[in-house]
Amino acid sequence: MNTIRVRFAPSPTGALHIGGVRTALYNYLLAKKFHGTFILRIEDTDQNRFVPGAEEYIVESLLWCGLKPDEGPGFGGEYGPYRQSERREIYQTHIEELIRNGHAYYAFDTTEELDALREKESAAGNHNFKYDAGIRMKMRNSLRLSQGEVERLLAEGAPYTVRLKVPENQVVTVHDLIRGEVHFQTQELDDKVLLKADGLPTYHLANIVDDHLMRITHVIRGEEWLPSTGHHVLLYQAFGWEDTMPAFAHLPLILKPDGKGKLSKRDGARLGIPVFPISWAGDTPEDSFVGFREFGFDPGAVLNFLALLGWNPGTEQELFSIDELVEAFSIEKIGKGGSRFDFDKAKWFNHQYILAMPNAELARLLRPLVQAKGLDPSEKFLAAYCGLLKDRVHFLPELWEVGHYLLEPEVEMNPDAVSKKWNPDLAPALKNVTEWLSQQTSFDAEALEAGVKELINEQGIKPGALLTVLRIALAGDLKGPGVFEMMELLGKDATVQRLARALHHFNNSAS
RNA sequence: GGUCCGUUCGUCUAGGGGUUAGGAUGCCACUCUUUCACAGUGGAGACACGGGUUCAAUUCCCGUACGGACUACCA
């Protein structure tokens with residue numbers, strides 16, 4: 001029985017787009033479901049687009065999400081190296097094999113020559129220029145040139161590429177796990193460059209050779225690869241590897257939240273939402289982006305959200321732990337159409353994750369933010385604080401914004417709230433309540449509520465009026481958690497102190 | 001332009017020859033509440049269009065429209 005081996009193969013050209021994370025996730029889920037192997041392979045065959053730090057970024061992103069590769073650069077594995085730039089010789093020997101058996105040929109046409117030809121054809125009305133069977137016998141390649149001429153050029157060190165010799169008049173069939181059979185007429189396929197003039201392979205060659213050598217069983221990748229999959233199948237045939245050719249699954253795109261087209265990094269900046277897993281610091285502000293992590297997302301929520309963007313188990317369950325995703329996942333349930341990136345839904349997922357998280361865990365995550373404000377509450381206090389406020393936040397940093405007055409030593413009172421709700425007639429009642437509170441030995445919300453309400457009734461005033469004033473005294477404004485819950489959290493001393501200070505403040509602002 | 005892919009509420013989607021076309025999110029209303037939230041209840045909201053096949057089509061087939069990807073010595 002063959003165990004499943006899948007790979008996530010990004011190219012280190014910058015920050016890893018959230019769509020890439022979803023691709024990685026689906027690969028990971030399939031691997032884990034069948035106790036297979038999840039491989040990270042770095043596709044760095046384009047020297048021009050190489051961006052320093054991108055590989056590290058990709059690895060850090062995957063690890064933050066919890067998608068740890070079983071094999072890959074820095075992760076071990078017996079099929080390395082896992083960076084394509086370190087596999088030159090492998091591609092070289094394989095390309096030689098292809099040339100030997102007539103499936104590939106040397107092409108000496110330069111980029112400039114090809115550009116010029118393309119332009120000329122275009123001017124003549126042919127916008128469809130392809131380097132293919134129809135034209136290859138007119139070009140400078142080893143198919144047309146004499147063997148002596150070819151040998152001379154090679155010996156001279158003339159720059160060359162190696163191209164795939166696409167067979168004529170065949171139908172190539174791709175069995176896609178998501179889309180069913182897809183057919184390509186070879187007449188429509190061009191003679192793709194397999195080896196570039198710099199000696200490095202193109203994606204097309206490298207991905208077939210590596211997938212074969214790394215014993216990949218399933219290729220799960222973005223839809224943008226579907227049009228070139230015909231070439232890939234041809235390549236497997238050229239190498240005689242059809243029997244072990246991996247299964248293909250081409251994922252639908254993730255679309256912009258608004259408008260048309262696929263989600264791009266620009267959309268993130270434009271709409272003020274993250275589209276990358278973690279922040280990326282580029283050379284310029286325009287090339288720098290906030291990540292889901294820095295935005296305050298829980299990685300589990302991100303994965304959960306991403307998993308349901310294009311896939312669905314067919315049940316009505318929406319909240320999944322990673323283990324549940326592994327259990328429920330199947331390629332057959334992946335949809336065909338593109339999915340719009342819905343940030344509101346992502347927010348909702350994060351809210352659900354925050355609600356489900358133990359208070360102590362929330363406190364642990366919140367602590368750095370609180371400490372940055374120069375505060376250092378006890379573990380117990382911060383956990384209770386989180387429990388009191390987590391209902392009303394979507395993101396971790398909001399946990400501070402929404403209740404900071406409970407952590408800070410003093411409350412800043414909203415003057416509008418005070419002038420609107422304070423009435424000097426309430427002063428005696430406020431005083432009484434403060435007095436009563438200062439005499440309590442236990443300080444739990446329920447008992448306090450009963451006691452204070454009784455006291456209010458005795459005074460013959462409206463409960464709402466005084467409660468609102470108590471709220472202002474404790475929170476500084478007209479919103480927040482329950483009054484008595486805040487009292488319990490703050491404890492007797494702080495509560496009494498806040499009420500006393502407030503009374504003083506009210507009296508002064510009234511005069 | 002060519003090749004390939006796609007199209008169910010605003011969004012994510014379930015479903016699939018006969019359903020009141022289901023859920024979630026967002027929106028609105030109500031309830032709860034001392035406030036803001038949470039929660040609960042309810043509401044508006046979809047099968048792109050045109051032809052076939054069929055007793056019956058949103059579901060199958062073919063077109064059209066619309067959208068997208070690809071069309072590099074980038075991945």
Side-chain angles (χ1 to χ4, degrees), chain A residues 9-13 43-46 48-49 84 107 109-111 114-115 118 122 125-131 159-163 174 176 178-179 182-185 187-190 192-204 206-207 221-230 250 252-253 255 257-258 260-262 305 308-319 333 335-349 351 355 389-393 402 417 421 449 453 456 462-472 475 477-484:
Chain A
S11 104
T13 53
E43 309 234 331
D44 55 349
T45 54
D46 186 350
N48 301 320
R49 295 212 306 157
Q84 292 186 328
D109 319 276
T110 64
T111 307
L114 289 172
D115 285 348
R118 224 183 301 272
S122 179
N126 174 18
H127 301 283
N128 210 13
F129 174 79
K130 290 197 305 283
Y131 199 124
Y160 66 89
T161 64
V162 177
R163 285 181 182 266
V174 176
D176 188 279
I178 295 172
R179 290 153 211 282
V182 180
H183 305 281
F184 297 92
Q185 313 291 324
Q187 303 90 284
E188 306 289 347
L189 270 27
D190 66 338
K192 283 257 180 285
V193 170
L194 300 177
L195 195 73
K196 297 181 280 182
D198 64 7
L200 283 164
T202 59
Y203 173 85
H204 307 296
N207 115 81
R221 80 229 298 195
E223 189 181 83
E224 66 269 28
W225 293 111
L226 191 50
S228 54
T229 307
H250 289 95
L253 266 20
L255 277 13
D258 60 344
K260 295 168 181 174
K262 64 174 181 178
F305 165 66
L308 270 328
L309 215 54
W311 169 85
N312 179 301
T315 66
E316 290 188 348
Q317 184 179 355
E318 292 219 81
L319 265 9
K333 286 283 186 183
K336 295 177 171 65
S339 321
R340 229 174 249 280
F341 181 85
D342 181 3
F343 191 66
D344 281 331
K345 197 72 178 268
K347 273 171 74 170
W348 178 79
F349 272 108
H351 181 232
L355 288 182
L389 291 150
K390 66 179 176 183
D391 268 356
R392 57 200 72 211
V393 303
V402 104
K421 297 292 180 183
E449 177 163 7
K453 283 190 169 166
I456 291 173
K462 280 199 296 193
L466 190 72
L467 253 15
T468 303
V469 164
L470 290 175
R471 166 176 304 288
I472 296 170
D477 213 332
L478 264 20
K479 56 190 179 189
V483 163
F484 303 102

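Labels below follow one simple rule: chain letters A, B, ... track the order of the sequence lines, proteins then strands, and each chain is numbered from 1. In this text, all values refer to a predicted model and were calculated from it rather than measured experimentally.
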Applying a 4.0 Å non-hydrogen cut-off, can you work out what [X] is touching in the nucleic acid: base, sugar-phosphate, or nothing?
{"X": "A/His183", "answer": "sugar-phosphate"}
{"X": "A/Gly482", "answer": "base"}
{"X": "A/Leu478", "answer": "base"}
{"X": "A/Gly480", "answer": "base"}
{"X": "A/Lys421", "answer": "nothing"}

Candidate nucleotides [options], ranked by approach to the side chain of [X] - the nearest:
{"X": "A/Leu467", "options": "B/rU34, B/rG6, B/rG22", "result": "B/rU34"}
{"X": "A/Arg340", "options": "B/rG26, B/rU34, B/rU11", "result": "B/rU11"}
{"X": "A/Val483", "options": "B/rA24, B/rG6, B/rU34", "result": "B/rU34"}
{"X": "A/Asp391", "options": "B/rU13, B/rU7, B/rA37", "result": "B/rA37"}
{"X": "A/Lys345", "options": "B/rC5, B/rU25, B/rG2", "result": "B/rU25"}
{"X": "A/Asn312", "options": "B/rG15, B/rU13, B/rG22", "result": "B/rU13"}

Does a side-chain N-to-carboxylate-O contact under 4.0 Å join A/Arg49 and A/Asp46? yes
Can a salt bridge be assigned to the pair A/Glu318 and A/Lys345 using a cut-off of 4.0 Å between side-chain N and carboxylate O? yes
Closest contact, heavy atoms only, A/Gly230 versus A/Leu189: C-CD2, 4.3 Å
Is there a side-chain contact between A/Val193 and A/Tyr131, using heavy atoms and a 4.5 Å cut-off? no
Round to the nearest Å and state the distance from [X] atom [atom1] to [N] atom [atom2].
{"X": "A/His351", "N": "B/rC38", "atom1": "NE2", "atom2": "C1'", "value": "7 Å"}
{"X": "A/Trp311", "N": "B/rG23", "atom1": "CH2", "atom2": "C1'", "value": "15 Å"}
{"X": "A/Lys336", "N": "B/rU8", "atom1": "NZ", "atom2": "P", "value": "12 Å"}

Does any nucleotide pair with B/rG10 by Watson-Crick or G-U wobble geometry, both distances under 3.5 Å, and what is it? B/rU25
The Watson-Crick or G-U wobble partner of B/rG1, with both key distances under 3.5 Å, is B/rU71
Angle class for the A/Phe305/A/Phe341 ring planes (parallel below 30°, perpendicular above 60°, tilted otherwise)? perpendicular
Scan nucleotides 65-75 of chain B nucleotide by nucleotide, 5' to 3', and note B when protein non-hydrogen atoms come under 4.0 Å of the base, S if they reach only the sugar-phosphate, - if neither. --SSSS-SBBB
Nearest-nucleotide check on RNA chain B, A/Phe184 vs A/Asp344; residue mapping nearer the 5' end is A/Phe184
Closest to the 5' end of RNA chain B, once A/Gly310 and A/Gln185 are matched to their nearest nucleotides, is A/Gln185
Do the side chain of A/Arg471 and the base of B/rU34 come within less than 3.5 angstrom through a donor-acceptor pair of N or O atoms? yes
